[in-house]
Amino acid sequence: MENPHEAEQAVLLERIIKNVDKCNEAIMEMNHCIKEFLDSSADVHVAAQLFANYSRNVSYNLEAVQKMPKPL
């Protein structure tokens, strides 16, 4: 027995496959853009870590020599 909806189902399946392919391409492009952004911001992240470490070291050393200024 032949399926009377076979042709319609084939068209719908083709459309679904086409849309999934487009979605996969868009996600791949988005991943590429996110990777570029993260790579370009790596230097800023390193600078922020260096400054945070420097601030902690300054606070520690000022407290160690008991010359930490009182908060305003």
Side-chain angles (χ1 to χ4, degrees):
M1 183 169 192
E2 197 171 308
N3 184 355
H5 304 290
E6 185 176 357
E8 184 180 352
Q9 289 173 348
V11 169
L12 292 174
L13 187 59
E14 186 178 328
R15 285 177 59 194
I16 290 171
I17 291 170
K18 187 176 180 182
N19 286 332
V20 168
D21 285 342
K22 286 182 182 180
C23 184
N24 283 340
E25 287 177 20
I27 290 172
M28 299 261 294
E29 178 65 24
M30 183 182 68
N31 284 341
H32 177 71
C33 292
I34 290 172
K35 183 183 179 311
E36 284 182 350
F37 172 77
L38 292 174
D39 290 345
S40 68
S41 65
D43 292 339
V44 174
H45 181 69
V46 169
Q49 286 180 326
L50 288 173
F51 184 75
N53 288 341
Y54 174 77
S55 295
R56 280 196 304 271
N57 287 340
V58 167
S59 294
Y60 174 80
N61 288 328
L62 287 175
E63 288 176 4
V65 296
Q66 298 175 347
K67 293 189 178 183
M68 181 75 163
K70 300 220 179 221
L72 297 177

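In what follows, every heavy atom counts, from backbone to side chain, and hydrogens, waters and symmetry copies are set aside.
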Inset, instruction - Look up atom CD1 in Ile27 and atom NZ in Lys22, then write down how far apart they are to the nearest 0.5 Å. - result: 14.5 Å

Legend entry - hydrophobic_cluster_shared for Phe51 and Tyr60, side chain cutoff 4.5 Å: no

Legend entry - Gln49 atom CD: more than 12 heavy-atom contacts under 6.0 Å: yes

Legend entry - Beyond-backbone contact of Ile34 with Met30, side-chain heavy atoms, under 4.5 angstrom: yes

Inset, instruction - Would you mind reporting whether Lys18 and Glu14 have side-chain heavy atoms less than 4.5 Å apart? - result: no

Legend entry - Point-to-point distance, once rounded to the nearest 0.5 Å, from CG of Leu13 to CZ of Arg15: 11.5 Å

Inset, instruction - Would you kindly confirm whether Val46 and Tyr54 end up in one hydrophobic cluster when ILVMFWY residues are joined by side chain heavy atoms under 4.5 Å apart? - result: no

Inset, instruction - First locate atom CG of Asp21, then atom CD of Glu25, and finally report the distance between them rounded to the nearest 0.5 Å. - result: 6.5 Å

